[in-house]
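Just below is one structure, and these are the notes that go with it.
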Amino acid sequence: MKRHMVTVHYQSKPFECDICHLSFAYKHHLKDHVSTVNIRSKAFECEICCKSFGYKNNLKNHINIVHNHIKLFECDICHKSFERKYDLKNHVKTIHDRSKPFQCEFCLKPFGYKNVLKIYINTVHNRSKGFECDICHKLFGYHSIRKRHINAVHNRSKPFECEICRRSFARNDNLKVHINTVHNQSKPFECDICHKLFGRKEHLKSHINAGTSRKKLFECDISPNASKNKNIDIPLKSDISC
């Protein structure tokens with residue numbers, strides 16, 4: 001009890017490493033530190049991949065996570081499972097608590113994860129595309145987009161199937177658009193000029209571009225304002241006297 005009071009409540013760490021001067025509360029913790037960190041002793045080897053570890057519990061965690069794919073930590077809110085407690089904690093903070101403590105120094109956009117912010121800066125601001133397709137050598141800014149490209153383009157994979165008409169799609173967002181536009185007949189995109197409704201944003205864009213091109217056909221080279229009505233007789237250049 002006395003040792004517990006000294007180490008836990010008084011936070012006493014009397015055992016110091018002679019090499020790196022890190023202090024420990026218990027002598028056996030110092031011994032483990034010296035053998036694993038300073039001497040770089042890794043006595044516990046994985047029988048599957050032969051990777052070595054300094055601590056037995058680290059080897060156990062490695063086997064459970066990498067080889068057995070065990071996810072012990074479950075979110076109480078959405079019941080999604082994680083391999084590490086740290087990942088579960090980050091999930092709750094960013095997804096459920098909407099915590100985004102990492103801010104981009106260029107555009108001030110906030111992010112929940114530091115590694116996501118780093119990828120965002122490299123791809124958006126630095127224009128870095130570090131992920132190359134092994135088949136067609138096309139470059140991508142994100143690993144997930146490269147993976148999606150390979151599945152959709154090269155593997156012709158379409159894992160997302162519509163439950164109504166059984167049509168398959170390569171991406172989940174394309175399936176959602178299909179259901180909303182075809183089956184639910186949702187048309188959320190409205191033209192500001194003629195108020196025609198469209199199910200997809202690109203269809204609205206094509207409609208606007210087509211209308212703009214058609215309008216330019218009836219524009220007078222001499223006086224644009226004079227030819228708003230396409231029925232106006234526009235004189236030929238040969239009939240105009242200088």
Side-chain angles (χ1 to χ4, degrees), residues 78 80 94-100 103-104 106-113 116-117 119-129 131 133 135-240:
C78 66
K80 187 176 180 180
T94 55
I95 304 299
H96 301 297
D97 297 341
R98 304 287 183 181
S99 175
K100 294 183 177 181
Q103 193 175 59
C104 177
F106 300 103
C107 64
L108 305 181
K109 186 177 179 180
F111 292 88
Y113 297 95
V116 176
L117 168 62
I119 293 170
Y120 170 80
I121 292 172
N122 286 333
T123 52
V124 176
H125 298 294
N126 298 340
R127 305 287 183 182
S128 174
K129 292 184 177 182
F131 301 96
C133 175
I135 303 166
C136 66
H137 304 292
K138 189 175 180 180
L139 298 172
F140 299 90
Y142 296 92
H143 169 71
S144 57
I145 297 177
R146 178 182 63 177
K147 188 177 179 181
R148 190 169 64 187
H149 158 80
I150 293 170
N151 287 332
V153 177
H154 301 296
N155 298 340
R156 305 287 183 182
S157 175
K158 294 182 178 182
F160 304 99
E161 186 181 276
C162 176
E163 294 179 355
I164 303 168
C165 66
R166 300 301 173 189
R167 186 179 173 185
S168 297
F169 297 86
R171 292 164 52 178
N172 190 33
D173 54 337
N174 289 344
L175 170 61
K176 287 180 180 178
V177 171
H178 163 77
I179 293 171
N180 287 331
T181 55
V182 176
H183 300 296
N184 299 340
Q185 296 185 340
S186 173
K187 294 183 177 182
F189 304 101
E190 183 180 343
C191 176
D192 295 331
I193 302 166
C194 67
H195 303 291
K196 187 176 180 179
L197 298 173
F198 296 89
R200 303 180 70 161
K201 194 174 183 179
E202 58 264 30
H203 292 170
L204 168 62
K205 192 175 180 180
S206 298
H207 163 78
I208 293 170
N209 290 336
T212 305
S213 300
R214 196 158 42 241
K215 183 181 177 183
K216 287 181 179 179
L217 291 174
F218 307 103
E219 188 174 283
C220 177
D221 294 333
I222 303 166
S223 179
N225 295 327
S227 58
K228 286 183 179 178
N229 188 346
K230 65 180 179 180
N231 295 320
I232 292 177
D233 292 329
I234 301 173
L236 297 173
K237 287 185 178 179
S238 57
D239 297 333
I240 300 172

A170 versus A152, closest heavy-atom pair with distance: CB-CB, 3.6 Å
Heavy-atom donor-acceptor pair, Q103 side chain to L108 backbone, under 3.5 Å: yes
CG on L139 to OG on S128, rounded to 0.5 Å: 9.0 Å
Closest heavy-atom pair and its distance - F140, C133: CE1-CB, 4.2 Å
F106 CZ to I121 CD1 distance, which is reported to the nearest 0.5 Å: 6.0 Å
Chi angles and distances behind the side-chain contact (heavy atoms from CB on, under 4.5 Å) call for T94, Y113: CA-CA 8 Å; T94 55; Y113 297 95; 3.0 Å; yes
Under 3.5 Å side-chain donor-acceptor pair for R146 and H143: yes
Heavy-atom closest pair, residues C104 and Y120: SG-CE2, 3.8 Å
Nearest-0.5 Å distance that lies between atom CD1 in I119 and atom OH in Y142: 7.0 Å
Point-to-point distance, once rounded to the nearest 0.5 Å, from CG of L117 to CG of N122: 9.5 Å
Heavy-atom closest pair, residues T181 and R200: CG2-CG, 4.0 Å
Interatomic distance, H203 atom NE2 to K201 atom NZ [nearest 0.5 angstrom]: 14.0 Å
Closest approach of C78 to H96 (non-hydrogen atoms, all atoms of both residues): SG-NE2, 3.5 Å
Flag if over 12 foreign heavy atoms under 6.0 Å of CD, E202: yes
Point-to-point distance, once rounded to the nearest 0.5 Å, from NE2 of H149 to CG of N151: 10.0 Å
Using atom types as modelled, flag every donor-acceptor pair under 3.5 Å from a side chain in residues 185-194 to any protein atom, sequence neighbours excluded.
| from | atom 1 | to | atom 2 | distance (Å) |
| --- | --- | --- | --- | --- |
| E190 | OE2 | H195 | ND1 | 2.8 |

Minimum heavy-atom distance C162-I179, with the two atoms named: SG-CG1, 4.2 Å
Geometric class of the H178/F169 ring pair [parallel <30°, tilted 30-60°, perpendicular >60°]: tilted
